[in-house]
S.K.: 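Quick one: structure below, then a few questions.
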Number of protein chains: 2
Amino acid sequence: MSESGAAVRNTRQRSAVSALLAEVEGFHSAQDLHAMLRDRGERVGLTTVYRTLQGLADAGEIDVMRPPGGEHLYRRCSEGHHHHLVCRACGRTVEVAGPTVETWADRVAAQHGYTDVSHTLEIFGTCPTCTP
Amino acid sequence: MSESGAAVRNTRQRSAVSALLAEVEGFHSAQDLHAMLRDRGERVGLTTVYRTLQGLADAGEIDVMRPPGGEHLYRRCSEGHHHHLVCRACGRTVEVAGPTVETWADRVAAQHGYTDVSHTLEIFGTCPTCTP
DNA sequence: CCGCGTAACGAGAATGATTGTCAAAAGCGC
DNA sequence: GCGCTTTTGACAATCATTCTCGTTACGCGG
Ligand SMILES: [Zn+2]
Ligand SMILES: [Zn+2]
Ligand SMILES: [Zn+2]
Ligand SMILES: [Zn+2]
């Protein structure tokens with residue numbers, strides 16, 4: 001158990017997904033990314049795309065967003081805790097940090113006796129480019 | 001076109017769902033509520049439960065939450081904009097208002113030139129009762 | 001109190017993203 | 001190269017939600 005040999009193997013498919021995530025801008029769905037890989041000529045199964053994205057998300061290397069009424073969206077983000085300001089039209093995303101919000105959330109939860117606190121926060125709007 | 005006769009009809013099923021929502025505590029899924037109605041002896045189709053909940057949500061009479069990796073949850077809430085502090089274990093919910101958060105979100109969005117701003121914020125934790 | 005037109009219902013089928021299956025393919029340490 | 005594992009991927013399965021469409025029944029005259 002614990003560590004030992006090669007826990008994670010280096011495969012062509014994993015590299016392809018990682019490389020793609022490094023190049024694309026904004027959030028994209030698994031199916032979306034799968035289609036992009038196909039267009040690039042990379043042959044990667046849809047199941048593998050899902051698995052890889054899950055792995056990266058679990059490892060904290062990418063962020064997952066669940067927009068109202070849509071599929072899961074994935075994006076390579078900077079490290080550390082942050083939130084997203086997302087354009088409804090084009091998906092352009094700005095990472096924002098809100099230390100005040102974090103402490104506020106924790107304090108509110110504590111006041112009501114809640115422990116093991118986490119939170120989700122997303123801001124949606126129309127970016128300058130998409131404003132008519 | 002426009003308005004005229006009875007746009008919304010008063011049915012036994014709609015009343016049953018509304019009444020149930022008035023009595024239960026916390027957030028519940030459509031399937032959950034459907035089962036409760038069945039146990040009560042009320043005969044209401046699952047499709048109708050979904051439709052009624054959607055209608056109530058659109059009318060702003062109930063709140064919808066989409067917890068990570070689960071079904072939609074519905075709850076009769078108080079009026080006005082607020083957020084939720086939810087217990088992961090039992091679903092106990094506290095409504096919280098965060099004026100600071102609202103203004104912060106709007107300000108951040110404005111700083112980046114985003115307009116027509118909205119946001120989603122939920123706090124999750126383990127309530128005192130569910131803490132071992 | 002009766003009939004109609006229409007909104008609402010509901011059983012079952014359809015959808016569609018995500019997950020499970022499992023035999024075949026391919027890393028990696030030796 | 002060898003062999004042991006991990007990983008892959010075509011396909012089936014899951015499952016909440018939505019769609020279909022014939023049936024029911026609300027509500028407003030008459
Ligand atoms: Zn991010
Ligand atoms: Zn609420
Ligand atoms: Zn609890
Ligand atoms: Zn708010």
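Nothing here was measured: the structure is a model prediction, and the numbers come from that model. Chain letters run A, B, ... following the sequence lines, proteins first and then strands; every chain starts at 1.
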S.K.: Could you give the angle between the helix axes at the two ends of the helix from C/dC1-D/dG30 to C/dC30-D/dG1, with five pairs per end, rounded to 10 degrees?
M.R.: 30°

S.K.: Short question: side chain of B/R76, backbone of B/A19 - any donor-acceptor pair under 3.5 Å?
M.R.: no

S.K.: Rounded to the Å, how far apart are B/E71 CD and D/dT14 P?
M.R.: 17 Å

S.K.: Sort and list the pairs that fulfil side-chain hydrogen bond (donor to acceptor under 3.5 Å, both in side chains) and have at least one residue in residues 13-26 of chain B, not counting sequence neighbours.
M.R.: B/E23-B/R40

S.K.: What is the distance, to the nearest angstrom, from the CD atom on A/Q13 to the C1' atom on C/dA26?
M.R.: 9 Å

S.K.: Mind listing the residues from residues 26-60 of chain A sitting with a heavy atom below 4.0 Å of DNA chain D? Number order is fine.
M.R.: A/R43, A/V44, A/G45, A/T47, A/T48, A/R51

S.K.: Could you pull out every donor-acceptor pair under 3.5 Å between side chains of residues 57-68 of chain A and any protein atom, sequence neighbours left out?
M.R.:
from  : atom 1 : to    : atom 2 : distance (Å)
A/D63 : OD2    : A/H82 : NE2    : 2.9
A/D63 : OD2    : A/H84 : NE2    : 3.2
A/R66 : NH1    : A/H72 : NE2    : 2.9
A/R66 : NH2    : B/P67 : O      : 3.2

S.K.: Please identify each residue that fulfils side chain to side chain contact (heavy atoms under 4.5 Å, CB included) with A/T100, with sequence neighbours left out.
M.R.: B/T100

S.K.: Run the side-chain donor-acceptor check on residues 89-98 of chain B: report pairs under 3.5 Å with partners two or more places apart or on a different chain.
M.R.:
from  : atom 1 : to     : atom 2 : distance (Å)
B/R92 : NH2    : B/T129 : OG1    : 3.3
B/T93 : OG1    : B/G91  : O      : 2.9
B/E95 : OE1    : B/S78  : OG     : 2.4
B/E95 : OE2    : B/R75  : NH1    : 3.0
B/E95 : OE2    : B/S78  : N      : 3.1

S.K.: Under the rule for ring-ring contact (aromatic ring centres under 6.0 Å, His included), what residues qualify as partners of B/H83, not counting sequence neighbours?
M.R.: B/H81, B/H119

S.K.: Considering only D/dC26, C/dG27, C/dA17, which nucleotide approaches the side chain of A/N10 most closely?
M.R.: C/dG27

S.K.: Rounded to the nearest Å, what distance is computed from the CG atom of residue A/L73 to the C1' atom of nucleotide C/dT18?
M.R.: 14 Å

S.K.: With sequence neighbours excluded, what pairs up with B/H34 under the ring-ring contact (aromatic ring centres under 6.0 Å, His included) test?
M.R.: none

S.K.: Let me have the donor-acceptor pairs involving side chains of residues 43-50 of chain B, under 3.5 Å, with sequence neighbours excluded, atom names and distances please.
M.R.:
from  : atom 1 : to    : atom 2 : distance (Å)
B/Y50 : OH     : B/Q31 : NE2    : 3.1

S.K.: Let's see if you can work this out: which of C/dC9, C/dG27, D/dT17 has an atom nearest to the side-chain heavy atoms of A/R9?
M.R.: C/dG27

